[in-house]
Amino acid sequence: MKLIVANFKMNLLIKDIHNYLEVIEQKLNKDQVIFCPNNLHIKYFSEKNYLVGSQDISFQEYGAITGDTSINQLKEVGITYTIIGHSERRQYFLDNKYINKKVKLALSKQIKIILCIGENLKVFEENNTFSVLKDQLDNALKDNLNYINETNLIIAYEPIWSIGTGKIPTNSCLEKTILNIKTYLKETYNLNLKVLYGGSVNLDNIDSLQEVSEIDGYLVGSLSLDPNKFLTLINKINN
Ligand code: PEP
């Protein structure tokens with residue numbers, strides 16, 4: 001079964017969430033899909049026993065960080081997962097600096113991690129993708145290895161130039177990059193981790209993406225905002 005993560009980013013209002021929940025009611029496998037709505041909307045999904053993740057966590061457990069949300073507060077409303085290192089957090093905030101701390105904190109609180117890694121277009125065009133991905137993995141994993149296993153860490157490979165652009169890597173490129181990630185994790189850290197693909201997954205490209213054997217699931221942004229389209233996508237993935 002392929003894992004599917006829905007990242008709503010900073011979208012939707014409470015009325016949209018109620019409508020969303022009505023549309024998807026009894027139509028999906030609750031073990032397959034992890035919803036990552038805005039923090040204010042998490043409880044609506046957890047109350048109905050969906051798997052829920054936050055889109056980020058504060059690097060600190062509590063204290064004087066105005067505007068941030070702590071992992072304890074997020075656990076209280078029902079997350080069991082968190083995304084860490086999404087490229088939008090790396091771009092607009094100081095996430096590169098805090099990813100290792102966030103990974104450590106999530107592991108210590110038994111929250112499962114969806115770790116996003118990905119290269120920008122310049123790196124891709126210069127054929128340096130793997131060295132960037134390796135650095136991002138090393139940065140997240142160092143000093144955390146004793147606590148990481150196949151069940152609490154999932155990698156999401158998201159080329160930055162694919163997010164929200166409609167452009168995706170070719171199948172052969174994806175097959176190679178994801179295999180490289182898996183091989184590196186196995187050989188260097190003795191970890192067999194699931195690797196998801198994220199970046200402009202939509203109803204037109206999903207059939208082709210399904211041919212990439214190394215993809216263990218998908219992280220879906222904008223398409224997941226429409227519950228009907230999202231259900232159609234899930235059906236395509238499962239058939
Ligand atoms: C994302 O937010 O990680 C993402 C993959 O977005 P989109 O599907 O819109 O490209």
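One-based numbering, in listed order, for ligands and for the atoms of each. The first residue in the sequence is number 1, and the count goes up from there.
K186 pairs in a side chain to side chain donor-acceptor pair (under 3.5 Å) with only one of the listed residues (N190, T183, T188), which is N190.
Distances below 4.0 Å separate heavy atoms of N7 from the following atoms of ligand 1: 1 (C), 2 (O), 3 (O). Atom numbering of ligand 1 starts at 1 in the shown order; those under 4.0 Å from a heavy atom of G199 are 5 (C), 10 (O). If you number the atoms of ligand 1 from 1 as listed, the ones under 4.0 Å from a heavy atom of S222 come out as 7 (P), 8 (O), 9 (O). The distance from ligand 1 to the heavy atoms of H86 drops below 4.0 Å at these ligand atoms: 1 (C), 2 (O), 3 (O).
In terms of protein heavy-atom proximity, atom 8 (O) of ligand 1 is closest to G221 N, 2.8 Å.
Within the 6.0 Å centre-distance limit, the rings of F35 and Y50 are counted as a close aromatic pair.
Not a single donor-acceptor pair under 3.5 Å links the side chain of N152 to the backbone N or O of I148.
By the criterion of a heavy-atom distance under 4.0 Å, both the backbone and the side chain of L219 are placed next to ligand 1.
The N/O atoms of G198, backbone and side chain alike, include none that comes under 3.5 Å of an N/O atom in ligand 1.
In this comparison of K167, E158, Q55, E88, the heavy atom closest to atom 3 (O) of ligand 1 sits on E158.
Side-chain contact between D216 and K2 is absent, with no heavy-atom pair separated by less than 4.5 Å.
Heavy-atom contacts from other residues, nucleotides or ligands closer than 6.0 Å to NZ of K75 number more than 12.
Ion pairing between a basic and an acidic side chain is recognised when a charged N comes within 4.0 Å of a carboxylate O; R90 and D95 show no such pairing.
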